[in-house]
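Below is one structure, written out as structure tokens; the observations come after it.
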Amino acid sequence: MQPARSVFASAVALALMAMPSFAQEGGNTDLMDKSLAAGWKASFICSDTFVAGMDMETIENNDLDGIYTDFRRAYNQLPDARIDLNEQTVSVQYDRSMPPRMAAYRPGFGCTQLPAGADEIMIGYLPRFAAWPEATGEDRGSAIGSNVQVSLRTEEAERLDIPVSFAFDERTYGNGTRTSAVVVVKDGQIVAERYARGIDHETPQRTWSVAKSITATVLGAARRQGMIDIDYPAVIEAWDSGADPRRNITIRNLMHMASGLDSGESGSRTDRLYFGGGRVVDQAASKVMEAMPGKRFKYANDDTLIAMRSLREAIGDDSKFHSFPYEAVLHKIGARHTTMEVDWNGDFVSSSQVWSTARDLARVGQLYLQDGMWGSERILPEGWVDFVRTPAPAQPPAGSPGYGAQFWLMTDAEGVPADTFYMAGNRGQYVVIVPSMNAVIVRRGFDVIGGARFNINNFTRDVLMALQAAEDERSAVAATRAAAEAEIEAEIDRRRARSEKAIQAIREEILAKYGLTE
């Protein structure tokens, strides 16, 4: 995929590969804090500009506001970013002795950060597609599923107006929460849709950890095609030595968040990968084991990243690997506004760095409602939906939501059916799947990190109540109409019988007048 390089460029590449990695999320120096803050700024401005098409005011009000609390001091000291529209790069200077932190855009790969210390020469080594089929035309479709007849459903629209409106008032479902999009799908049809904060139906946002469920979907498609076995050890090259116990970790363990690997105090903070420009193989695959696989639940970005890395090594062809999520899943279901970003080594950072619209996420949810089918094609293997929503053997602590396989379980939320499962991500990203109601609920946001969380349980309850009320109203109207139609038919029959009897009497009377009979 990459062109031949000069001797000088090759030497630079070797130097880049030899740069020290940060294997653990430990304490930071002031310089590292500045580097990570600059990485946040460069990466988000790059993706928001070149992937999402946002203007700078929208970016500053959303992704650059309400960031990690421990980043804010260093972030506030940063200068303005330099945006090169021709080269499609963003750079942020953070220290005079170091090159700026940089992120570069390539079609299909979105924006990739260079590691701290790398300069613009290194951009030439980033993976890229030889040809990327751009999505053309506006996304005007309102039917999310396949073979769904589009119809105006006024009952849902009227009853959903209240909870959907309240989702944007920044109070009802969490004081200070900032909703950017809501999409509600019932029976494969959008029945409510609203946007705010400069976002519309074609504006991708970072999915954060909703990406983990998208990763599970890609892995499911790979399993369907026989590329992986989730019960086979996720043997990656970094672990493939005789004395390494990590060779026993299976893809199932990873999907259950039960690898047993050390991931620091918080497995959801992988800053040196997300914002430091690190590689998956250096950051996620370098951790030692601290618990036996399958015995302990610990929510960790690394588990998702390693599962996707194992797929890369199983495929053994980077061109096929990079195309696989799009060709096997996303483009098949019409999710053409979704971009999966990679590190500079070509690994998908698919625990968080996926950009997608609310409609595209609704399509992924609909795929699960349809048991992995899209139209007449099976994308996910039989039983995959049950697998991801079945409680894992090792569960989160008491009081937390249950966990399946890269999906959360909404099994104990008041007023919500027990079969509900969902995708969840930082800053209020949710995709709720309710099989018993044949519904998908998408909520996107830019909630302040460390601030109030959007109450997805209550919102789901209220949306489902509105859907049920609409269904009850439709059923009541249908029952009333059926009763009316039955009465009409009965009256017609009575009148027809009377008419036929009268006609016969008239006939007999006239025939008798002439002395005739029937």
Side-chain angles (χ1 to χ4, degrees), residues 47-55 57-59 61-63 107-108 110 133-146 148-154 156-157 160-161 163-169 177-208 210-211 213-214 326 329-340 354-369 374 423 425 427-433 439-447 454 456 459 463 466-467:
S47 297
D48 280 335
T49 300
F50 300 114
V51 177
M54 298 183 194
D55 58 41
E57 181 180 1
T58 302
I59 299 171
N61 289 335
N62 293 327
D63 275 325
E134 292 283 357
T136 58
E138 185 181 1
D139 177 10
R140 296 183 180 275
S142 59
I144 297 299
S146 297
V148 176
Q149 183 176 355
V150 178
S151 60
L152 182 62
R153 304 181 67 161
T154 57
E156 280 89 348
L160 285 169
D161 185 63
V164 170
S165 297
F166 285 176
F168 289 84
D169 68 10
T177 55
R178 308 189 305 195
T179 300
S180 57
V182 167
V183 171
V184 180
V185 178
K186 182 74 167 72
D187 301 329
Q189 171 69 37
I190 290 180
V191 291
E193 184 174 30
R194 188 170 299 185
Y195 298 92
R197 303 188 68 84
I199 305 301
D200 64 23
H201 66 286
E202 290 193 314
T203 309
Q205 291 178 235
R206 181 172 170 136
T207 63
W208 292 91
V210 163
S213 303
I214 295 175
Y326 300 100
V329 179
L330 297 172
H331 289 177
K332 284 183 180 295
I333 66 174
R336 295 185 61 86
H337 295 279
T338 298
T339 299
M340 299 184 65
V354 175
W355 293 73
S356 188
T357 62
R359 283 190 182 182
D360 278 5
L361 292 185
R363 290 181 172 95
V364 178
Q366 187 67 27
L367 177 64
Y368 280 86
L369 277 186
W374 202 263
M423 318 174 199
R427 309 202 72 174
Q429 320 310 316
Y430 296 103
V431 182
V432 183
I433 303 164
V440 177
I441 302 166
V442 179
R443 187 270 181 179
R444 309 297 307 275
F446 294 102
D447 300 342
F454 187 85
I456 190 61
F459 182 61
V463 167
L467 290 176

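Residues: numbered from 1 along the sequence shown. The figures here come from the full heavy-atom set of this structure, side chains too, leaving out hydrogens, waters and symmetry mates.
- Using modelled atom types, no side-chain atom of Tyr195 and backbone atom of Ala358 make a donor-acceptor pair closer than 3.5 Å.
- When side chains are defined from C-beta on, Trp374 counts as touching Gln366, because their heavy atoms get closer than 4.5 Å.
- Between Glu202 and Arg359 there is no salt bridge, since no side-chain nitrogen of the basic residue lies less than 4.0 Å from a carboxylate oxygen of the acidic one.
- A cation-pi arrangement is absent between Arg443 and Phe459 under the rule of less than 6.0 angstrom and at most 45 degrees off the ring axis.
- If you check the side chains of Asp55 and Thr58, you find a donor sitting under 3.5 Å from an acceptor.
- Counting heavy atoms from C-beta on, the side chains of Val191 and Leu467 come closer than 4.5 Å.
- Considering only heavy atoms from C-beta on, Thr339 stays 4.5 Å or farther from Val354 through its side chain.
- Expressed to the nearest 0.5 Å, how far CG of Asp200 lies from OG1 of Thr357 amounts to 9.5 Å.
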Exercise for the section: Could you please spell out the steps behind the side-chain contact (heavy atoms from CB on, under 4.5 Å) verdict for Val440 and Val432? Expected result: CA-CA 6 Å; Val440 177; Val432 183; over 6 Å; no
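- Taking 4.5 Å as the limit, some side-chain heavy atom of Met423 sits within range of a side-chain heavy atom of Val364.
- Across all non-hydrogen atoms, the minimal contact from Ala167 to Val182 is CB-CG2, 4.1 Å.
- Val183 and Ala362 get closest at one heavy-atom pair: CG1-CB, 4.2 Å.
- Using a 4.5 Å cut-off on side-chain heavy atoms (C-beta onward), Ile190 and Val184 make no contact.
- Residues Ser47 and Trp355 approach most closely at CB-CZ2, 3.1 Å, considering heavy atoms.
- Counting only distance, with no hydrogens or angles, the side chain of Asp447 and the backbone of Arg178 share a donor-acceptor pair below 3.5 Å.
- For the pair Tyr430/Ile441, no side-chain contact is recorded, criterion being any heavy-atom separation below 4.5 Å from C-beta on.
- Between Ala466 and Leu160, the shortest heavy-atom distance links the atoms CB-CD2, 3.7 Å.
- Put simply, the side chain of Asn62 never gets that close to the backbone of Phe446: no donor and acceptor are under 3.5 Å apart.
- The minimum heavy-atom distance linking Ala192 with Val164 is given by the pair CB-CG2, 4.1 Å.
- One distance of note links CG of Asn61 with CE of Met54; it measures 11.0 Å at 0.5 Å rounding.
- In this model, a donor atom of one side chain and an acceptor atom of the other lie less than 3.5 Å apart for Ser180 and Gln205.
- When side chains are defined from C-beta on, Gln429 does not count as touching Val442, because their heavy atoms never get closer than 4.5 Å.
- A pairwise comparison of heavy atoms in Asp161 and Ser165 identifies O-OG, 2.6 Å as the closest pair.
- Of the possible donor and acceptor atoms, none in the side chain of Asp63 sits under 3.5 Å from a partner among the backbone N and O of Ile59.
- The distance from atom OG1 of Thr207 to atom CE of Met340, rounded to the nearest 0.5 Å, is 8.5 Å.
- Atom CZ in Arg336 sits 4.5 Å away from atom NE2 in His331 (nearest 0.5 Å).
- Checked by atom type, the side-chain pair Thr338/Arg363 shows no donor-acceptor distance below 3.5 Å.
- Counting heavy atoms from C-beta outward, Arg444 and Arg427 have side chains that stay 4.5 Å or more apart.
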